[in-house]
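Both backbone and side-chain heavy atoms feed into the values below; hydrogens, waters and symmetry mates do not. Here the structure is a predicted model, which is why all the values come from computation and not from measurement.
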Amino acid sequence: MHLNPYLFFDGDCEAAFTLYAQVLRGEIEMLMRYGEAPGSECHPDVRDRVIHACLKFGGQRLMGSDACPPQHPYTKVEGFFVCVNVDSVVEARRIFGAFAEGGRVLAPLDKTFFAEAWGMLVDRFGTPWMINCVKEA
């Protein structure tokens, strides 16, 4: 069994997944637009929005899509963080710095009583991240 976060965006899913693939050193396995979906009769305004994206990295997957108004309008996410656990403080700093660019830092990456490096932020696409390095490998 696997848990795969599924993120929703307001028209910038492709840009977000391009960044996530680069930062998490992964590969976008699929990126399909509403206009490409079989039997799709979508409004021209949403044809180029992403209906499904899948990013594979480190044996895991992150999935997402753009909300498709008016049936499923975008709503801001709350009440969760996507947690990235890494084996080195250097890697934690690299990922945190990349996601913080243009975003909002909620808790700076720092040593805590439970981790060598831990921090929280919301990236420029609105995804909340928690970056964690419990101890150096």
Suppose we screen for side-chain contact (heavy atoms from CB on, under 4.5 Å). Which residues come up paired with Val77, at least two apart in sequence or across chains?
Phe80, Pro128
Considering only NZ, NE, NH1 and NH2 on the basic side and carboxylate oxygens on the acidic side, decide whether Arg49 and Asp10 come within less than 4.0 Å.
yes
State, with a plain yes or no, whether a side-chain heavy atom of Val122 is found less than 4.5 Å away from one of Val105.
no
When hydrophobic residues are tied together by side-chain contacts of less than 4.5 Å, even through go-betweens, does Phe125 share a cluster with Val46?
no
Path from Tyr34 to Phe17 over hydrophobic side-chain contacts below 4.5 Å
no
Side-chain donor-acceptor contacts of residues 51-69 below 3.5 Å, not counting sequence neighbours, with atom names and distances?
{"from": "His52", "atom 1": "ND1", "to": "Tyr6", "atom 2": "OH", "distance (Å)": "3.0"}
{"from": "Arg61", "atom 1": "NE", "to": "Glu29", "atom 2": "OE1", "distance (Å)": "2.8"}
{"from": "Arg61", "atom 1": "NH2", "to": "Glu29", "atom 2": "OE1", "distance (Å)": "3.4"}
{"from": "Arg61", "atom 1": "NH2", "to": "Glu29", "atom 2": "OE2", "distance (Å)": "3.1"}
{"from": "Asp66", "atom 1": "OD1", "to": "Gly11", "atom 2": "N", "distance (Å)": "2.9"}
{"from": "Asp66", "atom 1": "OD1", "to": "Asp12", "atom 2": "N", "distance (Å)": "3.2"}
{"from": "Asp66", "atom 1": "OD1", "to": "Cys13", "atom 2": "N", "distance (Å)": "3.0"}
{"from": "Asp66", "atom 1": "OD2", "to": "Val50", "atom 2": "N", "distance (Å)": "2.8"}

To the nearest 0.5 Å, how far apart are CG in Leu121 and CD in Glu101?
12.0 Å
Salt-bridge present (Arg33, Glu14; N to O < 4.0 Å)
yes
So do the side chains of Val23 and Phe96 get within less than 4.5 Å of each other, counting heavy atoms only?
no
Mind checking what makes ring-ring contact (aromatic ring centres under 6.0 Å, His included) contact with Phe99, not counting sequence neighbours?
Tyr20, Trp129
Please determine whether residues Val89 and Phe113 belong to a single hydrophobic cluster, defined as Ile, Leu, Val, Met, Phe, Trp and Tyr linked transitively by side-chain heavy-atom distances below 4.5 Å.
no
Would Asp87 and Val134 count as a side chain to side chain contact (heavy atoms under 4.5 Å, CB included) if you check the C-alpha gap in whole Å, the side-chain angles of each, and the deciding distance to 0.1 Å?
CA-CA 8 Å; Asp87 293 330; Val134 176; over 6 Å; no
The single option from Leu109, Val86, Ile131 that satisfies side-chain contact (heavy atoms from CB on, under 4.5 Å) with Arg93 is Leu109
So do Trp118 and Met120 actually touch side chain to side chain, heavy atoms under 4.5 Å?
yes
First locate atom CG of Asn132, then atom CD of Glu116, and finally report the distance between them rounded to the nearest 0.5 Å.
10.5 Å
Find out whether Ile28 and Met30 are in side-chain contact, i.e. whether some heavy atom of one side chain is under 4.5 Å from a heavy atom of the other.
no
